[in-house]
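One is the number of the first residue; the rest follow in order along the sequence. Computed from a predicted structure; not experimentally measured.
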Amino acid sequence: MGCLIDQEIIKKTIDFHGHSCPGLAIGIRVSELAMEKIDIAEATAPVCVVETDMCAIDAVQFLTGCTYGKGNLIHRDYGKSGFTFFDRNSNFGFRALFRKDFSRGENRDTSIERIMDADLSELFTVKDISTAPVRPARIMESIECQSCGELVMESRIRRFDGKYFCIPCFMVREQKI
């Protein structure tokens, strides 16, 4: 069946990422799956949890609107090609895992073509979920590091000997002990 995303949008996704590659193709296709299953680009409270830091993430950001800056793209460094999409308003989502053996042993162009032409059910193992994979982002107070003077989100501040430190300053103090 192949990818149903408009070719012009795919070209813009490639431009955003900087080149075409199998990882980006995976991201395009998993984003298509999110558009199909939960209309992710139109969701008012979407979230995406990615389990990898590969090229696919650029396509996910570009095509779904889930971004690190908005706090609705969460990276869990598991080293897996797993992607969880969830709409907090509908309490519905899914986890998609790229099938490991789909494009092994092929050259780059052949792999991209196979990924883009495949049916989504061939590419991903999908499991529906009804519980948000992460809590909503919270706005926290900023506290001044008493060593470097920079502001730090309160959940990241470290307290040592009655003073507050950012993580890098805390680590320097910890090494001196």
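- You'll find the side chain of F124 reaches within 4.5 Å of the side chain of R29, heavy atoms only.
- Side-chain atoms of F16 and D58, non-hydrogen and from C-beta on, do get closer than 4.5 Å to each other.
- To the nearest 0.5 Å, atom CD of residue E154 and atom CZ of residue R156 are 11.0 Å apart.
- Residues C66 and Q61 are not in side-chain contact: their nearest non-hydrogen atoms beyond the backbone lie 4.5 Å or more apart.
- With respect to E8 and K11, no salt bridge is recorded, no charged nitrogen being found less than 4.0 Å from a carboxylate O.
- In this structure a side-chain-to-backbone donor-acceptor pair under 3.5 Å is present from E122 to D119.
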Between C148 and C166, does a side-chain contact (heavy atoms from CB on, under 4.5 Å) hold up when you go through it step by step? CA-CA 8 Å; C148 69; C166 64; 3.9 Å; yes
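- Y68 and L63 fall within the same hydrophobic cluster, where Ile, Leu, Val, Met, Phe, Trp and Tyr residues are linked whenever their side-chain heavy atoms come under 4.5 Å apart, directly or through other members.
- The minimum heavy-atom distance linking C55 with H19 is given by the pair SG-NE2, 4.5 Å.
- At a threshold of 4.5 Å between side-chain heavy atoms, the hydrophobic network of Ile, Leu, Val, Met, Phe, Trp and Tyr places F160 and Y164 in two separate groups.
- A distance of 12.5 Å separates OG1 of T67 from CD1 of I57, quoted to the nearest 0.5 Å.
- Each of L97 and V49 belongs to its own hydrophobic cluster when Ile, Leu, Val, Met, Phe, Trp and Tyr are linked at side-chain heavy-atom distances under 4.5 angstrom.
- For the pair C3/I28, a side-chain contact is recorded, criterion being any heavy-atom separation below 4.5 Å from C-beta on.
- Taken from CD1 in I157 to CD1 in I143, the straight-line distance is 5.5 Å, to the nearest 0.5 Å.
- Under the rule for a ring-ring contact (aromatic ring centres under 6.0 Å, His included), F86 has no partner lying at least two apart in sequence or in another chain.
- Here the side chains of T64 and S31 are in contact, with some heavy-atom distance below 4.5 Å.
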Residue pair I14, S20: steps toward the side-chain contact (heavy atoms from CB on, under 4.5 Å) verdict: CA-CA 6 Å; I14 294 167; S20 182; 4.1 Å; yes
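- Atom OG1 of T44 and atom CD of E42 lie 10.0 Å apart (nearest 0.5 Å).
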Enumerate, atom names and distances included, each donor-acceptor pair closer than 3.5 Å involving a side-chain atom of residues 73-84, sequence neighbours excluded.
| from | atom 1 | to | atom 2 | distance (Å) |
| --- | --- | --- | --- | --- |
| H75 | NE2 | T52 | O | 3.4 |
| R76 | NH2 | P133 | O | 2.9 |

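- Annotation for C48 and V60: closest pair SG-CG1, 3.8 Å, computed over non-hydrogen atoms.
- With hydrogens and angles ignored, the 3.5 Å screen pairs no side-chain donor or acceptor of K163 with any backbone N or O of C145.
- Remark: R95 pairs with E51 by the side chain to side chain donor-acceptor pair (under 3.5 Å) rule, at least two apart or across chains.
- In terms of heavy atoms, C21 sits closest to R108 at CB-NH2, 3.2 Å.
- In the hydrophobic clustering of this structure, I5 groups with I112; members are Ile, Leu, Val, Met, Phe, Trp, Tyr whose side-chain heavy atoms approach within less than 4.5 Å, directly or through other members.
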side-chain contact (heavy atoms from CB on, under 4.5 Å) between T13 and H17, worked out: CA-CA 6 Å; T13 305; H17 179 63; 5.8 Å; no
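- Interatomic distance, I129 CD1 to F85 CZ, rounded to the nearest 0.5 Å: 11.0 Å.
- Seen from the ring of F165, R158 does not count as a face-on cation partner, given the 6.0 Å and 45° thresholds.
- With values rounded to the nearest 0.5 angstrom, E144 atom CD is found 9.5 Å from E150 atom CD.
- The two residues E32 and L4 make their nearest non-hydrogen contact at OE2-N, 2.9 Å.
- Note on V152: it does not cluster hydrophobically with V172, by side-chain heavy-atom contacts below 4.5 Å among ILVMFWY residues.
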Should K12 and F62 be marked as a side-chain contact (heavy atoms from CB on, under 4.5 Å) after you check the CA-CA gap, both sets of side-chain angles, and the distance that decides it? CA-CA 9 Å; K12 288 179 181 179; F62 189 81; 3.7 Å; yes
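- Residues I40 and P46 share a closest heavy-atom pair of CD1-CB, 3.5 Å.
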